[in-house]
Amino acid sequence: MSLSTHVLDVAIGQPAVGIRVSLFRGDEDLNSDSTNNDGRCGNLSGAAPLLEGIYRLVFEVGPYLARTHPQPGGPFFEIVTVEFTVSGPARHYHIPLLLSPFGYTVYRGS
């Protein structure tokens with residue numbers, strides 16, 4: 001099983017470039033990457049398959065929002081954390097983040 005994500009800035013309708021994304025299982029930091037020019041991170045699980053359990057994606061959105069949508073006093077969001085469960089025989093998990101300066105949505109993609 002592998003894991004990918006992408007971040008779309010819905011306020012401007014473009015990929016969010018340069019957001020640091022980290023994957024954790026419990027307290028274990030499994031991998032980190034930054035979104036590319038398409039707002040994507042490839043296989044965050046690396047060479048090791050995802051085992052069944054609870055995982056956490058941490059998106060460091062503050063620097064991106066400060067750069068692209070400056071607000072007095074700084075960005076409203078600094079970190080977006082998404083917890084999800086890996087179970088069963090699924091081959092791939094894709095978890096997109098739709099981001100704006102004052103809201104976000106996540107979902108399980110394909």
Side-chain angles (χ1 to χ4, degrees):
M1 290 182 268
S2 60
L3 171 71
S4 62
T5 188
H6 75 268
V7 183
L8 177 63
D9 184 332
V10 294
I12 58 175
Q14 295 182 4
V17 178
I19 293 178
R20 187 85 173 148
V21 183
S22 299
L23 175 64
F24 294 85
R25 184 169 190 254
D27 291 331
E28 182 181 5
D29 186 348
L30 299 177
N31 199 7
S32 296
D33 198 2
S34 292
T35 56
N36 64 19
N37 287 339
D38 289 328
R40 296 182 181 276
C41 289
N43 185 11
L44 280 168
S45 59
L50 294 175
L51 304 172
E52 290 189 2
I54 299 172
Y55 288 79
R56 186 171 69 254
L57 279 175
V58 177
F59 298 84
E60 298 176 27
V61 299
Y64 171 82
L65 291 171
R67 188 172 63 250
T68 57
H69 304 285
Q71 301 292 324
F76 184 66
F77 297 116
E78 286 293 332
I79 301 286
V80 172
T81 301
V82 179
E83 290 189 359
F84 61 99
T85 302
V86 169
S87 62
R91 291 188 178 156
H92 181 72
Y93 284 77
H94 182 66
I95 302 175
L97 173 66
L98 306 179
L99 179 66
S100 76
F102 299 106
Y104 62 86
T105 300
V106 297
Y107 60 97
R108 179 166 181 196
S110 57

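None of these values were measured; they are calculated from a predicted model. Start at 1 with the first residue, then count along the sequence.
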List in chain and number order the residues that pass side chain to side chain donor-acceptor pair (under 3.5 Å) with [X], two or more places apart in sequence or in another chain; answer none if no residue qualifies.
X: Ser22; value: Ser32
X: His69; value: Asp9
X: Asn43; value: Ser45
X: Arg67; value: none

Compare all side-chain heavy atoms of [X] with those of [Y] and state whether any distance is below 4.5 angstrom.
X: Val21; Y: Ile95; value: no
X: Ser4; Y: His6; value: no
X: Leu57; Y: Leu44; value: yes
X: Arg40; Y: Thr5; value: no

* Which atom pair, heavy atoms only, marks the closest approach of Glu60 to Ile79? -> CG-CD1, 3.7 Å
* Listed partners of Tyr104 passing side chain to side chain contact (heavy atoms under 4.5 Å, CB included), at least two apart -> Phe77, Val80, Leu97, Leu99
* Kindly write out the residues that satisfy side chain to side chain contact (heavy atoms under 4.5 Å, CB included) with Arg56, not counting sequence neighbours, or none if the list is empty. =>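 For Arg56 the side chain to side chain contact (heavy atoms under 4.5 Å, CB included) partners, ignoring immediate neighbours, are Phe24, Val58, Thr81, Glu83.
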* To do: Can you tell me which residue pairs pass the ring pair (Phe, Tyr, Trp, His ring centres under 6.0 Å) test with a partner in residues 39-63, sequence neighbours excluded?
  =>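 Listed by first then second residue: Tyr55-Phe84.
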* Could you identify which residues cluster with Ile54, counting Ile, Leu, Val, Met, Phe, Trp and Tyr as linked when any side-chain heavy atoms lie under 4.5 Å apart, either directly or through a chain of such contacts? =>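 Noted: Ile54 shares its cluster with no other residue.
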* Residues clustering with Tyr107 (ILVMFWY side chains joined when closer than 4.5 Å, directly or via others) -> Leu8, Val10, Leu98
* CG of Asn36 to SG of Cys41: how many Å apart, nearest 0.5 Å? -> 7.0 Å
